[in-house]
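Let me begin by presenting the structure, written as structure tokens, before commenting on it.
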Amino acid sequence: MPKGMKVDFAITHDGEARTVTAGPVSIVAFERKWGVGFIAMISQPHVEHLTWLAHDALHKQALAGNGPAIKPFDEWLAGLDDIRVVNEGDEPVPLAGTP
């Protein structure tokens with residue numbers, strides 16, 4: 001599932017498919033917010049935890065200028081069609097606009 005301290009997510013949001021990687025900065029933010037260790041979260045995942053981690057990674061990308069602006073979590077969640085963890089060897093969902 002995770003690659004070291006990174007987790008890849010395939011997301012479909014408002015009909016648009018994309019991938020995002022949650023790295024160490026998002027993982028630490030997750031642990032601080034939820035009081036749950038990364039390994040425990042991966043061992044017994046909650047959908048809310050996974051979606052929050054993906055949202056945080058998307059938000060950090062947007063702040064760095066690497067993607068569109070992301071709505072606050074609850075507003076963003078309303079447009080989430082699907083989310084899954086992409087394991088090594090899985091076919092990732094391409095970013096929108098790429099061949």
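Here the shortest heavy-atom pairing between S26 and L53 reads O-CD1, 3.5 Å. The minimum heavy-atom distance between W52 and F30, with the atom names listed, is CZ3-CA, 3.3 Å. Of all the heavy atoms in A22 and I27, the pair that sits closest is O-CD1, 4.0 Å. Across every non-hydrogen atom of A62 and P68, the tightest pair is CB-O, 3.1 Å.
A donor-acceptor distance shorter than 3.5 angstrom exists from the side chain of D81 to the backbone of G15, with no hydrogens or angles considered. H13 places a side-chain N or O within donor-acceptor distance of the main-chain N or O of W76, the cut-off being under 3.5 Å. Under a 3.5 Å cut-off, the side chain of H55 and the backbone N or O of K71 do form a donor-acceptor pair. Between the T51 side chain and the E48 main chain, a donor and an acceptor come within less than 3.5 Å of each other. When atom types are taken as modelled, the side chain of Q61 and the backbone of V20 share no donor-acceptor pair closer than 3.5 angstrom.
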Original post:
Step by step, would you call L50 with V85 a side-chain contact (heavy atoms from CB on, under 4.5 Å)?
Top reply: CA-CA 8 Å; L50 295 173; V85 174; 4.2 Å; yes
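When the side chains of ILVMFWY residues are joined at heavy-atom separations under 4.5 Å, either directly or via intervening members, M41 and V28 end up in two distinct hydrophobic clusters. Under the 4.5 Å side-chain heavy-atom criterion for Ile, Leu, Val, Met, Phe, Trp and Tyr, V25 and M5 are members of distinct hydrophobic clusters.
For the pair V7 and F38, the minimum side-chain heavy-atom distance is below 4.5 Å. Under the 4.5 Å side-chain criterion, counting only non-hydrogen atoms from C-beta, D82 is not in contact with I11. Looking only at side-chain heavy atoms (C-beta outward), D56 and K33 stay at 4.5 Å or farther from each other. Side-chain contact between V86 and F9 is absent, with no heavy atoms from C-beta onward closer than 4.5 Å.
Taken to the nearest 0.5 Å, the OG1 atom of T12 stands 8.5 Å off from the CZ atom of R84.
Other residues, nucleotides and ligands place more than 12 heavy atoms under 6.0 Å from the NZ atom of K60.
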